[in-house]
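Note sheet for the following structure.
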Amino acid sequence: MESIVRVRFAPSPTGYLHVGGLRTALYNYLFARHTNGKFILRIEDTDQSRKVEGAVENLIETLKWAGLEYDEGPDRDGGYGPYVQSQRLHLYRQYADQLVEQGDAYYCFCMPERLEELRKRQQEQKQTIAYDRACRNIPVVEARKRIENGEKHVIRMKIPLEGSLTFTDVIRGDVTFQYSVLDDQVLLKSDGFPTYHLAVVIDDHFMGITHVIRGEEWLSSVPKHLLLYRYFGWQPPVLAHLPLLLNPDRTKLSKRQGDVAVEDYRARGYLKEAIVNFVALLGWNPGDDRELFTMDELIREFTLERVGKSGAIFNIEKLNWLNQQHIRRKDTKELAHLLKPIVEMKGIPLKSDEYFCAVVDLLKEKLTVLNDFVEYSRYFFEEPSTYEQEGIAKHWDTDTAHRLTVLLDALSELDTFTKPELEATFKHVAEHFGVKVAKLIHPVRLALSGRQVGPGLYEMMEILGKTTVLKRIQRAIERIQVSPM
RNA sequence: GGCCCUAUCGUCUAAGGGUUUAGGACGUGGCCCUCUCAAGGCCAAAAUACGGGUUCGAAUCCCGUUAGGGCUACCA
């Protein structure tokens, strides 16, 4: 069957992909995949003053990293291109002119300074802030003459002077606006670029967009868009306005109150699986108690009907937990592949792939973020440079030195250096001294890793290998004897 | 200021008029397990913003208040 659903993610390239943007993109993506529709990426770069070099590439890279593959976009033509608004300028001009021709829009020659002053005055007098429609009644013939004379101008849409408009939003239900509170919105700026409102309507129409799924900040401009659809005689898409993502203090999620760029989370060692899972759950739930989802499961379960209405705070604690869960579930080889560059970047000498995987397998259940691995695993790759002070005080004394010496002898006798033999040896030596095995384990862990906490000691020893283990215990004994606590 | 949206544990949320002593998860506290740390298991504290209706019955429907948010640009 031919697919009919077409949705788009339409960001402005102002720098990086925001986590709120990621969620919008994700919901669009999930909806498209769930309905066997198309997911389209469109770049909304109509504000020349906010252009940021490399932002588009960065956006695309992050989107792909997160696993949101689009069917059509700037670098993937689907016959509805171009997918960058600055390359569609002729279209906007043409349709803006058509609206003027029809009498649904007009040329406006008001200078920014006058508008600024108007706003200021309205604000002081506590009036509704809106354009006073000074140019609305200039005859088109006269306006054209002024344009020919080189006068700067914009094109504004005509809002009906009275009446109201009601529309249905999939998430919010029926919403009504009085025309009287709407402004004669600028559609085409004096630099020939369209404003968002004109461009979004024209592009969504010509790209065959069936469902507009975007942030709630757009809800109040819906009447303007719907009016444009009516002026053009086009069928408007289904609308779904998503609740906003919030800072811990309930203001709109922003920089300065923590990271908002997806790439920052990526750099801090969060898995794409965890981030996707997490933002999916911010405003949507499957209707039961499940919380851990793969992308495929999200695609299967996602519906707009289960999207909530209220804003959600971006809570890092839950993300940490999800990241931990996804790390534990990840295949060791894949995880090792992700971890390797992080460790390499710190200049830590890696050993064989086999050795590295063994370490990853042992430590993966202890990681909250990937970057934790660097410090958790360091002693597997290089000699510990220091021993934790508290550990020395707690676990190392002259008695220990004596016990370790005996243990060292016993260990050096071992032919196979695996958990069962190690366990038996420790038990045996502990019994010989009449102490608990813990009395040996803790000092040895400190000797081998320099730390008080870590994975199971026998597993650790198995990976480190006999030679390294004996060497490090010997070194610890010497250290204790030099400066006994 | 005006318009619009929203309102259940600290946080994410379930419950779509009776199945509810309002369920789950994160986080927090306790216990168990245990060589440490995690993980895991068990337990606990923790919410329907407030006030009116409608109804035999309201977290759920209506109105108001309050609070928060969004919009109010030749930004998106």
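Here is the naming used below: chain letters follow the sequence lines, and residue numbers restart at 1 for every chain. Remember, it's a predicted structure, so these values are computed and weren't measured experimentally. The analysis underlying the following values was restricted to heavy atoms, covering all of them including side chains, and did not include hydrogens, waters or symmetry mates.
- Comparing the C1' positions of C4(B) and G41(B) gives a spacing of 49 Å, expressed to the nearest Å.
- Applying the 6.0 Å contact sphere to CD of Glu162(A) captures no more than 12 heavy atoms from other residues, nucleotides or ligands.
- Applying the 4.0 Å criterion to OP1 and OP2 of A73(B), one finds that Gln122(A) has every side-chain N and O outside that range.
- Taking the C1' atoms as reference points, A44(B) lies 14 Å from G27(B), given to the whole Å.
- Closest to the Ile129(A) side chain, of the nucleotides G1(B), C12(B), A38(B), is G1(B).
- Note on Glu317(A): only backbone sugar-phosphate atoms sit closer than 4.0 angstrom, heavy atoms only; bases stay farther off.
- Pro11(A) comes within contact range of no nucleotide atom at all, as no heavy-atom separation falls under 4.0 Å.
- Nearest nucleotide to the side chain of Glu365(A), out of A38(B), G70(B), C35(B): A38(B).
- Below the 3.5 angstrom threshold, one finds a donor paired with an acceptor across the side chain of Lys318(A) and the base of A25(B).
- As judged by a 4.0 angstrom heavy-atom cut-off over every strand, Gly283(A) is placed among residues touching the sugar-phosphate backbone only.
- When each of C3(B), G69(B), A76(B) is scored by its nearest atom to the side-chain atoms of Glu216(A), the top-ranked nucleotide is G69(B).
- Here the separation of C74(B) from C62(B), taken at their C1' atoms, is 43 Å to the nearest Å.
- Comparing the P positions of U72(B) and G10(B) gives an interatomic distance of 33 Å, to the nearest angstrom.
- Residue contacts for Glu44(A): at a heavy-atom cut-off of 4.0 Å it reaches the sugar-phosphate backbone alone, with no base atom in range.
- Distance check on atom P: U20(B) versus U8(B) gives 22 Å, rounded to whole Å.
- At a cut-off of 3.5 angstrom, the base of C3(B) holds no donor-acceptor pair with the side chain of Ser220(A).
- Val154(A) comes within 4.0 angstrom of a base, heavy atoms only.
- Distances were taken from every side-chain heavy atom of Ser190(A) (C-beta onward) to each of C4(B), C74(B), A76(B); the shortest belongs to C74(B).
- An OP1 or OP2 oxygen of A38(B) is reached within less than 4.0 angstrom by no side-chain nitrogen or oxygen of Arg451(A).
- Not less than 6.0 angstrom separates the ring centroid of Tyr92(A) from the ring centroid of Phe193(A).
- The structure places OG of Ser12(A) at 8.5 Å from CD1 of Ile43(A), a figure rounded to the nearest 0.5 Å.
- Comparing G17(B) with G2(B), their P atoms are spaced 35 Å from each other, to the whole Å.
- Spacing of C1' atoms, U11(B) relative to C35(B), comes out at 35 Å, to the nearest Å.
- Two rings, from Tyr27(A) and Phe302(A), have their centers less than 6.0 Å apart.
- With P as the reference atom, A7(B) and U13(B) are 11 Å apart, rounded to whole Å.
- With respect to Phe278(A), the ring-ring contact (aromatic ring centres under 6.0 Å, His included) criterion is satisfied by exactly one of Trp284(A), Phe314(A), Trp321(A), Tyr270(A): Phe314(A).
- Residue Arg445(A) is in base contact, counting any heavy-atom pair closer than 4.0 Å across all strands shown.
- Contact between Asp184(A) and Ile159(A) at its shortest, heavy atoms only, is OD1-N, 3.1 Å.
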